[in-house]
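We count residues from 1, following the sequence as given. As the structure is a computational prediction, the values presented were derived from the model and not from experiment.
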Amino acid sequence: MVECVAVRQRLAELRSLLQAAAHAYYVLDAPDLEDAVYDRLYRELLELEAAHPELVTPDSPSQRVGGPAAERFDSVEHRLPLLSLENAFNIEELRDWQRRLQRQLERGPDQPSLPLVCELKIDGSALSLSYERGVLVRAATRGDGSWGEEITANVRTIRSIPLRLQLEQPPAWCEIRGEAFIPAGSFAAINREREQRGEALFANPRNACAGTLRQLDPAVVARRRLDFFAYSLHLPEDTPGPARQWAVLAWLEAAGLKVDPNRRRCADLVEVERFYSRWDEDRRRLPYATDGVVVKLDDLRLQREAGSTVKAPRWAIALKYPAEEAPSRLKRLTVQVGRTGVITPVAEFEPVALAGTSVSRATLHNADRVAELGLHEGDTVVVRKAGEIIPTVVCVLPQLRPSGALPLALPQRCPACSAPLVREAGEAATRCVNNSCPAILRGALRHWVSRDALDVECLGDKLIAQLVDRGIVGDIAALYGLDAVQLASLERMGERSAHKLVAALDRSRRQPWQRLLHGLGIRHVGSASAKALARAFPSVDALAAAPPEAIRDVYGIGVQIAESLKQWFGTTANAELVERLRRAGLQLGGAPVAASAAGSLNGRIFVLTGTLPSLSRSAAKVRIEAAGGRVSVSVSRKTSYVVAGEEPGSKLEKATALGIEVLDEAGLLQLTTDATASPTAAPPGGAIPWQQPA
C-alpha cells in the first residue's frame, strides 16, 4: 500500500513537471528544461505507467500519441452551435455591419461607439474542445455547425492544447473554440517530404490542416506538428466567468492555452482600420497564414443580446484582405434553377489557378449583377476567390472584348419548363413560379432526402431525375407511394436496389418532426431554425396555428422566418401536401423534440460502434434520445449498452471486457420501441386544422 501511494505521488510530480515544461516550450516559446532532462523524466513516467497501467490518467503526457488508428470518426453534437462568420471585404462593409449591430442593440448613431476586439483570422480549421473538471474529454471539428466529427485522439497530439487546464478550481465543464493550423515551416517540410515520395503536394496550409485532422492514424497527425490558437469560451450558466472578450482571451491564457498575441482592443472603427491596415503588410512575415481580421463586440452581455442568425453571430465579423485575382476568358453564361425557383446565373470561363485550386465557373447571383458587369460574349473577366473559398467575377476588361460581341443577359423563360420568369418589385431574385417545373421538383426532392432532412439513402440525383422526367413522382409525398416493382423497371435499378430504396423510404417515415420541417424546404428555415421551431411548436398543427409574434419570440427566429412560415402555411397546395404526408405515415409532431425525461430508458447511456444494417448513426441517436437515453462516444463502466454493427472495432472489445450488454440493430429497435410512446394520430376525416372556417 505504501509503495502504491509513493508511485501515485511520483507520477503526479512527473506529470505536473512535464506538463509545465511542455507549456513553457510549446505555448510560451520559453523552454525551461534541457531536452536531455525532459527525455529522462518522460522515460521514467513511461516506465512507471507501464508497471502500473491502472494509474494511467487521460491528462498524462504519455497520452499525447498512442493507441491504434481509428476505423472511422463518430459524429457528435456541439453543445452550442459552432457558427461561421459573416465576411466584410472593405471598411465600408464593416461600417454597414456596425450600423446593423447598433440597430439590433437599439443604439442611436449619436451614442458612443462600443469597444471592439480585433484578432487575426487564422487560416486553418475550427475546433471545439470540451473539458470536464479541467481535463480534455472531447475534441470535434466544426462539421455543419451543429454536428462535427469527434477527433480527440488526433487533437491530443497537438502540443499547444493542454490535456489538463492550468486552473486551481476548473469549472464543471467548459467548451473552448479555436483554430488549428500548420505553421509555415512545418507546411514547407511536409510538402518537401511529399515531393520526395512522389506524392501530390498540398495546395495550401489550410487544406493540409483539414486533411491532417481527418487522418485515421494519430501518429501521422503527430508528425505534422499542428498548432492551435484559442479564441472563445463557453461556461455553465451558473459559473462566474469573464464579462468581456478581452478578458476571455486572458482567461484562456491563464488556463494554459495558446492565444494569438497579435490582437488589440479598439475603441472605435478608426482604431480597427489602423489595426487592419498594419497587418495587411506585416502578416506576410508571420509564421502562420492569416487572411483577415476578426472584429468582435467586446461586451459579452451585448453579444448575447445581439444574438445570431441561422449561420453567423451578429456581434462578430471577419474583415478579409483582398484575395488573389487572375484574368480568364468567358466561355458562356448559363443559369441554374433552385428548389425555390430562384434563377442563378453562372459564368463559365477557361480554368484558372486561384488559392491553390483550379477554378472554371462562378455564380453571378442575380440579373442585377449580370447587368452591372456588362457581360458580352467572349469577354475577359477578372476572377477572385472571395474569402479564398468562393470563386467570384470581380469585373470585366472591356478593352479586351472581341469585335462585334453581343451582350449577355438572363433568359426570359425558365430553361427547365419554358414558363415566363418573374421578378417581383423590391426583390433581387428572378424566379420560375411554375409549381410543376421539373427543376424545382428535382431540387425539392434532393433536399427532402438529404442527410440533414429525411436522410434517405439510395436516392441520388440520377434516380430523382428519372422519377421526375417520367412523371412518376409529382411531389415529395409521392415518394411514399413507390413500390419495388415500379422502381426495378428504371434504368440502373435492379430488384435488390429497388427493395433497399423502399426500405429506406419506409424508415424515413419515423424521422422526427424537426427533420421533416427542415425537409419541407420553407424559405429561410434551415436545420438549426427547424430544430428551434420544433422545440417550441411540437407539431405541424401547432406551428401552422401559431401567430407570427409567437414564432418571432423563439430564440434565433426573426421576422423573415415568421413571415415565410405564414405565407407557406397560408397556401392551399402546401396544406394539401402536409395532409398527404400525414396519410403516408410521416411524423408531423406531437412529442417533444428533446429526450423524454419520462422514457423508460431515462439515464441509460448508449455507445454506437460499427455500421448498422439500416439505421444511420444520426437516426439511431434520435431513437435513443426520444426514449430518454443518452449517446456517448466512448465506452466506460457507466455505459449501459453498446450497439454494434458491422466492423465494430475496439469499443466492442472493451464492452465485452467490462461485461456491458451488447445490442444489435434489432435489439435497439425493440428496446426503443418499447420505451417510446406511439405518435399522435392524424385528425379524423383528414381535416386541415389551420384552414378550419372561422
Side-chain angles (χ1 to χ4, degrees), residues 330-348 361-371 375 377 406-450 453-454 456 459-482 486-487 489-493 501 505 518-526 564-565 567-581 584:
L330 182 69
K331 295 167 66 176
R332 65 185 68 87
L333 180 68
T334 60
V335 295
Q336 297 174 338
V337 185
R339 62 182 173 84
T340 61
V342 172
I343 304 297
T344 303
V346 178
E348 297 184 3
R361 62 202 311 270
T363 60
L364 301 180
H365 307 297
N366 52 50
D368 287 345
R369 182 58 179 157
V370 174
L375 284 174
E377 293 176 341
L406 297 175
L408 298 173
L410 262 64
Q412 299 298 308
R413 291 183 172 273
C414 174
C417 68
S418 299
L421 298 179
V422 174
R423 182 176 179 181
E424 296 181 4
E427 278 206 357
T430 302
R431 299 177 185 275
C432 173
V433 293
N434 174 18
N435 289 331
S436 300
C437 176
I440 295 175
L441 178 55
R442 284 194 291 267
L445 292 171
R446 280 195 297 270
H447 180 67
W448 178 261
V449 303
S450 64
L454 276 291
V456 180
L459 190 51
D461 288 352
K462 291 183 179 178
L463 182 54
I464 286 173
Q466 285 193 72
L467 294 172
V468 173
D469 295 345
R470 295 190 183 193
I472 298 172
V473 169
D475 61 24
I476 56 178
L479 290 171
Y480 298 92
L482 296 172
Q486 188 179 29
L487 288 167
S489 67
L490 299 176
E491 294 177 16
R492 301 182 182 179
M493 279 294 288
L501 177 53
L505 286 166
H518 175 48
L520 289 174
I522 302 171
R523 288 182 68 191
H524 311 304
V525 178
S564 182
L565 287 165
Q567 182 182 28
W568 197 91
F569 282 115
T571 303
T572 302
N574 293 333
E576 292 171 349
L577 172 63
V578 168
E579 284 310 300
R580 288 197 295 277
L581 291 170

Check: Is the shortest side-chain N to carboxylate O distance from Lys331 to Glu348 below 4.0 Å?
Finding: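 Here Lys331 does not pair with Glu348 in a salt bridge, since their nearest N and O are not under 4.0 Å apart.
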Which pair of heavy atoms, one from [X] and one from [Y], lies closest together, and at what distance?
{"X": "Cys432", "Y": "Ile440", "result": "O-CD1, 3.5 Å"}
{"X": "Ala416", "Y": "Pro438", "result": "O-CG, 3.7 Å"}
{"X": "Ala409", "Y": "Leu333", "result": "O-CD2, 4.1 Å"}

Item checked: ring pair (Phe, Tyr, Trp, His ring centres under 6.0 Å) partners of residues 410-449, not counting sequence neighbours, each pair once -> His447-His518
Check: CD of Gln486: more than 12 outside heavy atoms within 6.0 angstrom?
Finding: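 More than 12 heavy atoms, drawn from other residues, nucleotides or ligands, come within 6.0 Å of this atom.
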Would you say the side chain of [Y] lies within less than 4.5 Å of the side chain of [X], judging by non-hydrogen atoms?
{"X": "Val335", "Y": "Thr430", "result": "no"}
{"X": "Glu377", "Y": "Leu330", "result": "no"}
{"X": "Leu445", "Y": "Ile476", "result": "yes"}
{"X": "Val525", "Y": "Trp568", "result": "no"}

Notebook entry, point to check: What's the verdict on side-chain contact (heavy atoms from CB on, under 4.5 Å) for Ile343 and Val337, showing C-alpha distance, side-chain angles and the deciding distance?
Noted result: CA-CA 5 Å; Ile343 304 297; Val337 185; 3.8 Å; yes
Going from [atom1] on [X] to [atom2] on [Y], what distance comes out if it is rounded to the nearest 0.5 angstrom?
{"X": "Leu364", "Y": "Leu410", "atom1": "CG", "atom2": "CG", "answer": "9.0 Å"}
{"X": "Thr571", "Y": "Glu576", "atom1": "OG1", "atom2": "CD", "answer": "10.5 Å"}
{"X": "Thr340", "Y": "Ile522", "atom1": "OG1", "atom2": "CD1", "answer": "12.5 Å"}
{"X": "Leu565", "Y": "Gln567", "atom1": "CG", "atom2": "CD", "answer": "10.5 Å"}

Item checked: Full working for side-chain contact (heavy atoms from CB on, under 4.5 Å) between Leu421 and Arg423 -> CA-CA 7 Å; Leu421 298 179; Arg423 182 176 179 181; over 6 Å; no
Item checked: Under 3.5 Å: donor-acceptor pair, side chain of Arg339, backbone of Gly521 ->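 Checked: pair present.
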Checklist line | Stepwise side-chain contact (heavy atoms from CB on, under 4.5 Å) test for Arg523 and Val342 | finding: CA-CA 11 Å; Arg523 288 182 68 191; Val342 172; over 6 Å; no
Note to self: Going by side chain to side chain contact (heavy atoms under 4.5 Å, CB included), Leu501 matches just one of Val456, Val449, Leu479. Which one?
What the structure shows: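 Going through the options one by one, the only one that passes is Val456.
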With a 3.5 Å cut-off and sequence neighbours excluded, list the donor-acceptor pairs that the side chains of residues 459-474 form with protein atoms.
residue : atom : partner : partner atom : Å
Gln466  : OE1  : Glu491  : N            : 3.1
Gln466  : NE2  : Glu491  : O            : 3.2
Asp469  : OD1  : Arg442  : NH1          : 3.0

Notebook entry, point to check: Given Asn434 and Cys414, is the side-chain contact (heavy atoms from CB on, under 4.5 Å) satisfied, shown in steps?
Noted result: CA-CA 9 Å; Asn434 174 18; Cys414 174; over 6 Å; no
